[in-house]
Amino acid sequence: MTVKFGIGNKRLRESTLIWFLLFPSLAVFLLYRILPLAWNGVLSLQFWSMYKPPRFAGLYHYKELFLYDDVFRQSLWNTLLFMVGSPIGIALGLMIALLVNRPIFGRNIYRTIIFMSFPVMTVATGVIWLWLFSEKTGLINYFLMYIGLIDHSQPFLEDFNLALPSIVLVSIWQVVGLYMIIILTGLQNIPPSIYQAAKIDGANSWQQFWLITFPLLRPSIFLCLIIGIINSFNAFDLVYVMTGGGPGHATELLITYIYKTAFTLARFDYAAAITVINFSLFLALTWLVNRMSGGNAGAVETN
Amino acid sequence: MPFRASAAFTVIAALISTLLALSGCSNESEPVQNKIVVLTFNMPHYKDGFSRWVAEFHKLHPDIEVEQIDRKGSNWGAFYHTQVISGTAPDIIDTQGGAWLQYASQGGLLDLTPFLEKDAEFTANFYPELLQSWIYEGQNYGIPLYFTKTLLFYNKLMFQEAGITSPPNSFDQLMEYAYKMTKGEKSGFMTLNFDWLYWPLFAMNGIDLVTPDLRHAAFNTPKAIALIERLAKATKDGAISNISWTGRWVEPNSMFAAGQIGMLQAHSTALLWMLSNTSWINENTIGFAQMPGNWSTPNAHALHISADSKYPQAAWDFIKIATSGEGAYSLGISLNNLTGDRFVNEKILDYFSQTKPIVVPLLRTQQEHLNTLVGNWPLANDAEIKEALYPELQSALLNHKSAADALSRAEKKVNHILSRDDRTAQSQSSVSGGQ
Amino acid sequence: MLHSALYTLFCNRFAITFGVFLIITAGWNTIVSFNDDGIIKGRVVAADGKPVGGATVTLLNKELLVTVLGSRAMTNEQGQFTFTHHNSHHIWLQAAKDGMGETPRVEFRMYFKGQNLNIETPLSFAENDTKGQ
Amino acid sequence: MRRHSLWATHLLLSTTCLVMLVPFYWLLKTSLTGENLFSYPPALLPDNPHIFYYVDAWYSIPFVRYLLNSVVVSAIVIVANIIFNAMAGYALTMDFKGKRVVILLLLSCMMVPYQATVVPAYLLTKELGLLNSHLGMALPLMSTIVCIFMFKASFAAVPRSLIDSARIDGVPEWQIIFRIMLPLSQSAIATNVVLAFTWSWNSFLWPLIILRDDNMQTLPLGLANFLSVVEDTSGALYAFCIMVLIPGLVIFLLAQKQFIQGLTTGATKG
């Protein structure tokens with residue numbers, strides 16, 4: 001890509017341009033990501049009540065977090081469980097994408113309908129599903145009883161074991177259309193000639209999928225995973241609307257716990273410590289995903 | 001090929017300025033002089049009354065503007081806390097339940113004792129018990145705005161059907177009646193659960209939250225385990241509606257209003273809600289009684305002044321307008337609630353005996369037995385303790401955990417919070433000592 | 001040239017959708033402005049169907065969560081009553097007269113605030129009116 | 001065999017579509033009948049439908065005002081996103097000192113959940129004087145890291161020969177971006193628009209914190225407030241939900257050709 005520039009001045013101009021182009025985005029991230037994170041990092045080492053100047057606390061909050069706080073442990077675990085929903089959603093998206101990629105009648109209509117849940121406002125999604133899951137008059141209970149899967153209605157969102165899976169289901173419903181579209185993009189970018197060559201070599205369709213389609217879809221799937229992680233931040237809205245973290249703390253995610261600690265209980269210092277842990281977790285996870293999808297996979301290559 | 005950075009810059013600058021123009025002129029910075037800000041708690045229906053308070057206030061302070069900000073319960077805290085940390089705490093805040101304790105203990109609220117002492121005439125109007133419930137470490141931080149406490153609503157039609165003639169006198173009787181009225185979709189008993197409203201059930205069984213010195217949890221007793229096991233079993237049997245432990249406000253009330261619940265423990269405001277939503281409720285169909293043992297949890301509101309308010313005297317004058325005389329009267333009749341002012345309450349009761357007789361006996365229950373209020377411990381970390389305890393109780397009441405397990409976990413958590421409270425309190429006092 | 005430019009400008013699905021939307025809004029507002037004088041007319045009858053004069057009819061405004069007392073009107077000898085300047089879209093009406101008790105509350109919902117309403121079915125004093133449900 | 005698999009495909013897809021559509025139908029049905037909490041079994045067809053719940057919802061909130069606020073914020077966010085992300089993405093296709101650092105920085109920024117940034121972000125926004133404004137609501141969302149990388153990948157896929165020949169012809173650099181690169185990056189732009197739209201349209205916690213005036217509220221706030229007032233007992237809530245859904249769905253359905261085609265037949269083939 002390097003274009004050789006004879007004159008140093010030109011190089012200077014080029015680098016000015018580059019930094020100029022980067023400036024707006026970097027400014028946004030500096031203001032709204034990096035500085036806040038640093039602020040949280042510092043605050044997590046202090047005692048700070050709203051009305052008084054902060055005081056050094058050392059690792060006090062972290063000690064409390066790991067030694068005493070079982071709500072923290074539960075919300076950490078819930079967050080991980082919630083993220084497991086993301087690969088499930090992607091697998092579904094992949095299956096649907098394979099189906100709507102076939103040359104069949106009405107595939108554009110199928111695509112439109114399946115994508116339709118994505119533009120729905122998350123808060124509204126929460127309200128709709130709150131109603132569908134309702135114990136007394138919810139459609140889901142009615143349907144499950146009708147087909148004989150359950151014999152009395154379940155309080156899905158008030159049940160300690162069902163509440164979290166229910167919310168995971170909703171978040172999959174909301175985002176599966178986007179996964180489908182992203183994977184579809186990947187599918188259409190695979191040159192058909194590769195399949196023809198494979199057919200000549202006698203590969204059956206199962207082998208074609210695992211040997212050609214799946215490896216070539218890696219970048220798309222990686223993108224889906226990243227979007228899935230970011231989307232799990234949006235799970236805040238769903239939990240806020242549907243359960244408020246309950247029953248008990250069965251649907252408490254790290255993010256809702258941070259919100260509660262900071263805004264309901266006004267313990268901003270403690271919330272800062274949870275934030276730092278949360279950030280480290282997500283960072284580790286991205287790194288892991290990046291490694292699994294082949295190091296410098298897909299759109300996000302570091303070179 | 002030269003880079004035409006300047007041209008690119010022009011284009012982008014143009015786009016950005018378009019964006020800025022698009023965003024409108026709504027970001028005017030407000031002048032901060034001569035204004036008091038009043039943060040109210042879920043009073044969307046009282047806009048007119050509030051402006052009457054302001055008109056009254058302007059007779060005393062024509063040069064000071066009043067800005068009202070109203071927030072719903074769920075957003076109130078988030079809004080107030082961000083205002084505080086950005087140094088713009090509202091001058092007057094309206095709190096519900098025990099949230100004020102945290103603010104008072106951390107030095108965020110103004111001690112109103114000197115004002116109360118100076119204004120003896122104003123102070124004498126209030127129920128002493130009510131004024132006392134806003135005292136933390138000997139100093140008074142709040143003036144009662146309006147006042148409700150829990151009571152037992154009962155469905156007379158369901159009582160008749162089950163052959164019950166009078167409301168229960170003991171916890172055992174309460175459970176017995178609840179079972180008697182339970183049938184199919186109908187449940188015998190339901191309670192609200194937020195802000196300690198369920199605590200009378202514990203109090204009438206002789207269970208305390210904390211030791212008298214407020215330093216240790218006191219609720220992990222065999223009696224408490226037995227009580228929770230009993231409640232959990234009744235919930236499983238449907239005698240207590242499970243909405244009791246998961247519901248909020250509208251859902252439980254509408255179930256009672258739909259005639260599906262025999263007895264509902266709620267505060268007086270629930271009746272107003274039900275009257276507005278069904279037409280079958282009248283003196284013949286619904287009754288009010290104290291819970292057995294006359295235990296009740298207040299769900300009171302008070303006004304407070306922020307410690308760093310620039311106009312404490314003006315704020316105090318505003319509070320006086322809102323909590324006594326005409327101001328309190330108009331609030332009371334519009335919200336169907338009693339106020340902290342004894343004499344205003346008589347007028348409110350007069351008004352209702354003419355316009356809405358059904359609420360008079362209800363409001364009378366609110367004036368009685370102010371000495372058996374529970375759920376208002378002067379604990380600085382009331383909110384945190386509530387958050388730690390209730391989810392554990394909930395999991396036991398909904399039969400997810402054993403009562404013993406839930407209580408011992410809750411005890412551990414509450415003890416930890418109480419011990420930490422000591423520690424942070426010390427650290428804070430050392431800070432203020434250093435200043 | 002101009003013709004085709006106009007065609008692409010106005011005959012795409014965006015223009016048509018929002019155009020139809022604008023037309024509907026304008027039409028609706030016209031209908032509303034002709035019918036929002038806030039007049040409610042109706043009759044009160046006894047259980048036997050005879051008009052009741054001198055009964056007080058109460059109008060309650062039903063808001064989302066609370067019901068607010070609106071205004072009152074008296075019936076004439078033909079049992080007719082009229083409310084003017086009501087400003088609500090969801091009301092309850094109830095008539096009462098000394099010695100006759102109260103009629104059941106009847107609910108009326110309207111399409112916009114202050115809609116004119118001619119109530120065909122009269123409010124009727126029935127036998128047992130206190131027990132709903 | 002072939003025919004069987006065709007029918008199986010249709011069957012699977014129709015079932016999926018049904019599952020995706022049922023919530024919409026149920027919402028619509030409830031908003032028209034207000035079937036309340038206690039009727040069982042639920043009727044599958046609307047019984048006695050009426051639109052009075054929409055009237056209730058309409059008079060309970062200043063809907064147009066909220067809609068306008070939401071639209072303005074989303075518009076700012078979408079425009080800013082495309083410009084800023086394309087700029088940054090283009091910069092990243094070039095070699096420069098510190099590129100690795102920038103990329104690592106962006107990657108880790110992606111993992112900062114916004115709930116955690118609310119308090120310091122609030123203090124910063126206050127310093128900027130943007131509290132209670134549309135721009136203040138939009139600012140944190142004005143650039144999206146995933147999309148920067150999408151633009152980068154998409155720009156990198158534009159054949160070098162095309163750019164080089166343009167340069168030799170003396171086409172200025174910014175015109176290369178707008179005339180050659182962007183038209184060839186439809187896919188990235190479409191994804192960016194979709195993501196920026198949903199994220200700003202959904203934005204809930206941030207406006208909740210920084211807004212003070214009632215007439216600055218956005219639709220998600222209005223809906224959440226409405227929910228906290230009526231809980232799930234009134235048909236008006238579901239009517240309001242429908243009113244909130246319609247703008248997003250209309251925009252999407254009208255522009256779906258651009259969205260889905262842009263997404264699936266991007267210029268990344270080269």
Side-chain angles (χ1 to χ4, degrees), chain A residues 3 5 9-10 12-18 20-21 23-24 46-57 60-61 64 67-71 74 134-136 155 157-161 163 240-241 243-250 252 257 259-270, chain B residues 1-5 8-9 12 16 74-75 77-82 84-85 89 99 102-103 105-109 185 242-243 245-248 255 306-308 381 383-384 387-388 390-396 398-401 406 409 412-413 416-417 420 423-424 427-428 430-432 435:
Chain A
V3 181
F5 291 98
N9 193 16
K10 228 171 210 175
L12 183 71
R13 258 195 263 166
E14 192 193 36
S15 83
T16 315
L17 176 76
I18 287 171
F20 167 76
L21 291 173
F23 173 75
Q46 295 176 327
F47 288 119
W48 186 53
S49 80
M50 294 184 290
Y51 308 93
K52 298 236 173 87
R55 217 180 122 259
F56 186 67
Y60 181 88
H61 299 303
E64 175 164 350
L67 298 181
Y68 291 98
D69 194 347
D70 53 358
V71 180
Q74 184 167 12
S134 152
E135 182 188 357
K136 297 261 188 261
L157 296 173
E158 285 92 37
D159 185 288
F160 285 82
N161 301 317
Y240 183 95
V241 169
T243 62
H249 290 283
E252 202 79 79
Y257 191 47
Y259 174 81
K260 266 190 196 167
T261 315
F263 291 103
T264 317
L265 302 177
R267 293 187 67 201
F268 292 98
D269 42 8
Y270 193 60
Chain B
M1 321 116 274
F3 287 97
R4 296 216 188 143
F9 181 75
I12 288 154
I16 291 173
S74 47
N75 308 339
F79 183 80
Y80 174 64
H81 297 155
T82 30
V84 170
I85 52 181
Q102 187 184 4
Y103 314 143
S105 71
Q106 295 178 348
L109 302 179
E185 292 287 296
N242 59 358
I243 304 290
W245 316 121
T246 57
R248 283 169 289 182
M255 271 188 90
S306 290
D308 56 357
N381 281 359
E384 222 182 307
E387 276 288 311
Y390 186 68
E392 291 294 338
L393 291 185
Q394 194 188 24
S395 58
L398 293 170
N399 297 291
H400 180 65
K401 264 185 198 169
R409 267 165 181 263
K412 214 174 112 193
K413 283 188 200 175
H416 176 69
I417 293 168
R420 179 158 48 73
R423 198 190 147 127
T424 24
S427 74
Q428 272 151 13
S430 74
V431 167
S432 49
Q435 278 173 333

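Note that the structure is a prediction, hence the values are computed from the model and not measured. The analysis underlying the following values was restricted to heavy atoms, covering all of them including side chains, and did not include hydrogens, waters or symmetry mates. Order of the sequence lines sets the chain letters (A, B, ...), proteins ahead of strands, with each chain counted from 1.
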Chain A contact via B:K401 - side chain, backbone, both or neither, heavy atoms under 4.5 Å: neither

Residue part contacting chain B, namely of A:A250, when any heavy atom lies under 4.5 Å: neither

Would the distance check show the side chain of B:Y390 and the main-chain N or O of B:W245 forming a donor-acceptor pair, the cut-off being under 3.5 Å? yes

Aromatic rings A:F47 and A:H61: how do their planes relate, parallel, tilted or perpendicular, breaks at 30° and 60°? perpendicular

B:D308 versus chain A, the contacting section by heavy-atom distance below 4.5 Å: neither

Looking at B:T82, B:N75, B:L393, B:V84, which has the largest count of heavy-atom pairs under 4.5 Å with chain A? B:V84

Relative to chain B, which segment of A:D70 carries a heavy atom at a distance below 4.5 Å: side chain, backbone, both, or neither? side chain

Can you see whether A:D269 engages A:Y60 through a side-chain donor-acceptor pair at a distance of less than 3.5 angstrom? no

Name all residues meeting the salt bridge (charged side-chain N to carboxylate O under 4.0 Å, His left out) criterion together with A:E64; count only those two or more places apart in sequence or in a different chain, and write none if there are none. A:R267, B:R420

Return the option, out of B:R409, B:K412, B:H400, B:Q102, with the maximum number of heavy-atom pairs under 4.5 Å with chain A. B:H400

Among all residues two or more places apart in sequence or in another chain, which pass the side-chain hydrogen bond (donor to acceptor under 3.5 Å, both in side chains) test with B:H81? B:Y103

